[in-house]
Amino acid sequence: MTDADTGSGASLAGPWRVVLAGDKDAYRRAVEPHLPELLAAAARELRYRRAAGDLRPQYLTADELVGETLARGWRDRARKPAGLGVRAWLLGLEFKVLESIVRSERRARKLAGVSLEASVEEEAQALDASDEALWEWYQPDDLLR
């Protein structure tokens, strides 16, 4: 196995300079050998995230995750550490992209639970038995402040 196969930074120092200059074909050639591994890692991580309840089923496919990773890689290509190979950089980037998606999904779920259109009566009905006892004895103040 050569350095190019393992994605070591030493063999790609010259071609990566071309990528940094904005050559999209050079970027494609640099990432293409790693696509099967990126897809396998994405599928494995998505299965785990769905089983853990972090993502809804069919919310995101492995192809979409890899595509987002490659797009972010192109945009952030100047941030790739010089000593880090393309393979390791892309795998790390893929996990960062997925973590970002999971965080935004959690935020969306949390916000979806709050509705400004729901009436107070609906919220009161949703309370458990211990909270209902509180509403039975609570009397509002004479003056609203």
Side-chain angles (χ1 to χ4, degrees), residues 1-136 138 140 144-145:
M1 188 176 273
T2 66
D3 284 343
D5 294 332
T6 61
S8 100
S11 67
L12 293 173
W16 197 255
R17 275 184 258 159
V18 177
V19 171
L20 288 175
D23 187 349
K24 289 184 180 182
D25 289 330
Y27 178 71
R28 183 186 49 77
R29 286 191 301 273
V31 300
E32 229 170 31
H34 309 292
L35 288 179
E37 188 173 7
L38 286 172
L39 281 168
R44 183 175 53 249
E45 194 65 19
L46 286 172
R47 276 194 309 272
Y48 170 75
R49 294 296 187 153
R50 287 185 186 116
D54 292 338
L55 291 175
R56 291 174 281 168
Q58 304 306 321
Y59 178 75
L60 181 69
T61 66
D63 289 333
E64 291 169 336
L65 178 57
V66 171
E68 181 62 30
T69 300
L70 295 176
R72 174 114 27 117
W74 172 254
R75 189 181 69 225
D76 295 346
R77 64 191 181 276
R79 294 183 184 166
K80 180 185 141 328
L84 191 62
V86 173
R87 175 188 167 272
W89 177 66
L90 286 173
L91 285 170
L93 193 59
E94 183 173 75
F95 290 119
K96 287 179 186 178
V97 167
L98 182 58
E99 189 60 36
S100 173
I101 291 170
V102 167
R103 265 195 316 270
S104 66
E105 174 68 11
R106 282 184 191 146
R107 196 176 314 117
R109 282 184 185 177
K110 194 179 291 186
L111 292 175
V114 177
S115 173
L116 297 176
E117 297 171 355
S119 70
V120 176
E121 294 157 1
E122 290 175 2
E123 290 179 18
Q125 291 172 356
L127 295 174
D128 60 31
S130 64
D131 286 339
E132 287 179 12
L134 172 73
W135 289 104
E136 287 177 8
Y138 173 76
L144 295 176
R145 297 179 190 186

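It should be emphasised that the depicted structure is a prediction, and the values quoted were computed from it without experimental measurement. Along the sequence shown, residues are numbered consecutively beginning with 1.
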Within this structure, what is the CG-CG distance for the pair L46 and L65, rounded to the nearest 0.5 Å? 5.5 Å
For R106, side chain to side chain contact (heavy atoms under 4.5 Å, CB included) partners two or more places apart: R49, D54, E99, V102
Y48 atom OH, over 12 foreign heavy atoms within 6.0 Å: no
Check for a donor-acceptor pair, side chain of E64 on one end and backbone N or O of T61 on the other, with a separation under 3.5 Å. yes
Could you tell me which residues satisfy side chain to side chain contact (heavy atoms under 4.5 Å, CB included) with P81, sequence neighbours excluded, listed by chain and number? L84, W89
If you measure from CZ on R77 to CG on L93, what distance do you get to the nearest 0.5 Å? 13.0 Å
Sorted by first residue and then second, give each side-chain hydrogen bond (donor to acceptor under 3.5 Å, both in side chains) pair with at least one member in residues 65-75; sequence neighbours left out. none
With side-chain contact (heavy atoms from CB on, under 4.5 Å) as the criterion, how do L38 and L70 come out once you've worked through the C-alpha distance, each side chain's angles and the decisive distance to 0.1 Å? CA-CA 10 Å; L38 286 172; L70 295 176; 4.3 Å; yes
Residues two or more places apart in sequence or in another chain: which of them pass side chain to side chain contact (heavy atoms under 4.5 Å, CB included) with E105? L55, R56, Y59, R109
Side-chain donor-acceptor contacts of residues 18-26 below 3.5 Å, not counting sequence neighbours, with atom names and distances?
from	atom 1	to	atom 2	distance (Å)
D23	OD1	D25	N	3.1
D23	OD1	A26	N	3.4

Considering all heavy atoms, the nearest A62-A43 contact: CB-N, 3.8 Å
Would you check if R87 and L91 make a side-chain contact, meaning some heavy-atom pair closer than 4.5 Å? yes
Considering all heavy atoms of both residues, which atom of A30 and which atom of V86 are nearest to each other, and what is their separation? O-CG1, 3.7 Å
Which residues pass the side chain to side chain contact (heavy atoms under 4.5 Å, CB included) test with E32, sequence neighbours left out? R28, L35
